[in-house]
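Letters A, B, ... are given to chains in the order of the sequence lines, protein chains preceding strands, and every chain is numbered from 1. Bear in mind that the values here come from a model prediction, so they are computed numbers and not experimental data.
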Amino acid sequence: MPELPEVETIRRQLEPVVQGRRVLEADSHPSAKFVPAREIVGSRFGSVGRRGKYLLAALDDEHELVIHLGMTGTLRSVERPTSEDPYVRARWWLDDGRVLEMRDVRRFGRIRVVPAGEHGTIPTLRDLGPEPFDPDFDGEQLWRALRASRRRVKTQLLSQRPVAGLGNIYADEALWLARIHPGARRVSRRQASELREAVRTVLGQALDHGGTTLRDYRSVDGRQGDNQGRLACYGRAGLPCLRCRTTLVARTYEGRTTTWCPACQRR
DNA sequence: CGGGGTTCCTGGCCGC
DNA sequence: TGCGGCCAGGAACCCC
């Protein structure tokens, strides 16, 4: 899915498209995941924010539109609806004549409208960890958060609780950079500190390059990301580690393929 | 409650 | 060419 760098790239492009625009009409796929898109007819968009992988668009200072893009979701602004595209799941007609479309092949994305700031009914958003670039996010905080559970560090990162915004790609990248075994069930203060640095480095680099496009990801302007050629670990099982040349290995943890270097990421 | 398995979807790719 | 099986960037939900 779009992870933090991809969602942030989308946010930056989306805000100037919708801010100040009133929604004249809306339509959606009949699934309950998308039907709330229809609730915002008549509302005017304010600023567009982001928490973790969630887009939060203010509406008339009273509500907010919460969009999660799931695995394959994208947003785009078009001159007129693209009727030939069967994967458009929601569509908003704006008062400047443009149409905002959410496309999502697998339909793992979700749309909700909630009173401003009230995220309690969205489980992962309610329990979301700190933003990785928040000045308050430090190694000590991450160490404490990881210590609170005995689950594998990889699994914990995907839960969004210790820190917001990592998915399978950047979790593997950050653990590789910090030299931490993804299956570890506890990490030291020092490791947590290195992981905090690695998370920022990996996400910052991806953001600088417009995100990672493996297949579906596009930003609002339709462009692919440019970070896929810079991945050091994710998807490289069987290839040499870029630090020590040992062959990277992969296995499944809690249903997610995980890649790491058996030499420089020891338990 | 924390943890783990299941479920929601479609498409691409591989092997037979 | 056709088809079955497997895999894919996520998280909500249900049950123990």
TODO: Kindly indicate, with the supporting measurements, whether the criterion side-chain contact (heavy atoms from CB on, under 4.5 Å) is fulfilled by A:Val23 and A:Asp95.
DONE: CA-CA 6 Å; A:Val23 179; A:Asp95 64 357; over 6 Å; no
TODO: Tell me which residues in residues 104-117 of chain A put a heavy atom below 4.0 Å from DNA chain B, sorted by number, or none.
DONE: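 The answer is A:Val105, A:Arg106, A:Arg107, A:Phe108.
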Within less than 4.0 Å of OP1 or OP2 of [N], is there a side-chain N or O belonging to [X]?
X: A:Lys33; N: B:dC8; result: no
X: A:Thr257; N: C:dA8; result: yes
X: A:Gln160; N: C:dG10; result: no
X: A:His68; N: C:dG10; result: no
X: A:Tyr217; N: C:dG10; result: no

Task: Dot-bracket notation for DNA chain C, counting Watson-Crick and G-U pairs under 3.5 Å, with | for partners on another strand - done: .|||||||.|||||||
TODO: If a pair satisfies salt bridge (charged side-chain N to carboxylate O under 4.0 Å, His left out) and one of its residues is in residues 243-254 of chain A, list it, with sequence neighbours excluded.
DONE: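 For residues 243-254 of chain A, and leaving out neighbouring residues, the salt bridge (charged side-chain N to carboxylate O under 4.0 Å, His left out) pairs sorted by first residue read A:Arg152-A:Glu254.
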Just how far, in rounded Å, is [atom2] of [N] from [atom1] of [X]?
X: A:Arg256; N: C:dA8; atom1: CZ; atom2: P; answer: 8 Å
X: A:Arg51; N: C:dG10; atom1: CZ; atom2: P; answer: 17 Å
X: A:Gln228; N: C:dA8; atom1: CD; atom2: C1'; answer: 16 Å
X: A:Met71; N: C:dA11; atom1: CE; atom2: C1'; answer: 9 Å
X: A:Leu158; N: C:dA12; atom1: CG; atom2: C1'; answer: 15 Å
X: A:Lys154; N: C:dA11; atom1: NZ; atom2: P; answer: 13 Å
X: A:Asp85; N: B:dT10; atom1: CG; atom2: P; answer: 14 Å
X: A:Ile67; N: C:dG10; atom1: CD1; atom2: C1'; answer: 16 Å

Task: Protein proximity profile, nucleotides 1-7 of chain B - base contact B, sugar-phosphate-only contact S, no contact -, cut-off 4.0 Å on heavy atoms - done: --SS---
Open item on the list: Using the rule given for salt bridge (charged side-chain N to carboxylate O under 4.0 Å, His left out), can you reason through A:Arg11 versus A:Glu8, listing the C-alpha separation, both sets of side-chain angles and the distance that settles it, and then say yes or no?
Closed with: CA-CA 5 Å; A:Arg11 187 202 69 75; A:Glu8 176 61 19; 3.1 Å; yes
TODO: Test A:Glu140 against A:Arg189 for salt bridge (charged side-chain N to carboxylate O under 4.0 Å, His left out), laying out the working first.
DONE: CA-CA 7 Å; A:Glu140 182 71 14; A:Arg189 269 197 166 89; 3.0 Å; yes
So, taking the atom named [atom1] in [X] and the one named [atom2] in [Y], what distance separates them when rounded to the nearest 0.5 Å?
X: A:Thr155; Y: A:Arg185; atom1: OG1; atom2: CZ; result: 7.5 Å
X: A:Lys33; Y: A:Arg107; atom1: NZ; atom2: CZ; result: 7.5 Å
X: A:Lys154; Y: A:Thr259; atom1: NZ; atom2: OG1; result: 7.0 Å
X: A:Leu142; Y: A:Arg147; atom1: CG; atom2: CZ; result: 12.0 Å
X: A:Phe108; Y: A:Thr72; atom1: CZ; atom2: OG1; result: 8.0 Å

TODO: Output all residues satisfying side-chain hydrogen bond (donor to acceptor under 3.5 Å, both in side chains) with A:Asp85, sequence neighbours left out; order by chain, then residue number.
DONE: A:Arg76, A:Arg103
Task: Side-chain ion pair, A:Arg112 and A:Glu64, N-O less than 4.0 Å - done: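 No.
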Open item on the list: Strictly below 4.0 Å, N to O, side chains only: are A:Glu131 and A:Arg51 in salt-bridge contact?
Closed with: yes
- [ ] Using the P atoms only, state how far C:dC14 lies from B:dC9, rounded to an integer number of Å.
- [x]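 One P to the other, the span is 15 Å.
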- [ ] With A:Arg179 as the cation and A:Trp176 as the aromatic partner, state whether NZ or CZ is under 6.0 Å from the six-membered ring centre and within 45° of the axis.
- [x] no
- [ ] Please test A:Leu56 against A:His119 for side-chain contact (heavy atoms from CB on, under 4.5 Å), starting from the C-alpha separation and ending with a verdict.
- [x] CA-CA 10 Å; A:Leu56 308 171; A:His119 304 145; 4.1 Å; yes
- [ ] Select base, sugar-phosphate, or nothing to describe what A:Tyr54 touches, counting heavy atoms under 4.0 Å on all strands.
- [x] sugar-phosphate
- [ ] Tell me which nucleotide among C:dA11, C:dG10, C:dC13 gets nearest to the side chain of A:Thr124.
- [x] C:dA11
- [ ] List in numerical order all residues of residues 206-215 of chain A for which some heavy atom is under 4.0 Å away from an atom belonging to DNA chain C.
- [x]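 Close to the strand are A:Thr212, A:Leu214, A:Arg215.
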TODO: Hey, can you tell me if A:His181 and A:Trp260 have their rings parallel, tilted or perpendicular (30° and 60° cut-offs)?
DONE: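 Answer is tilted, since the angle falls between 30° and 60°.
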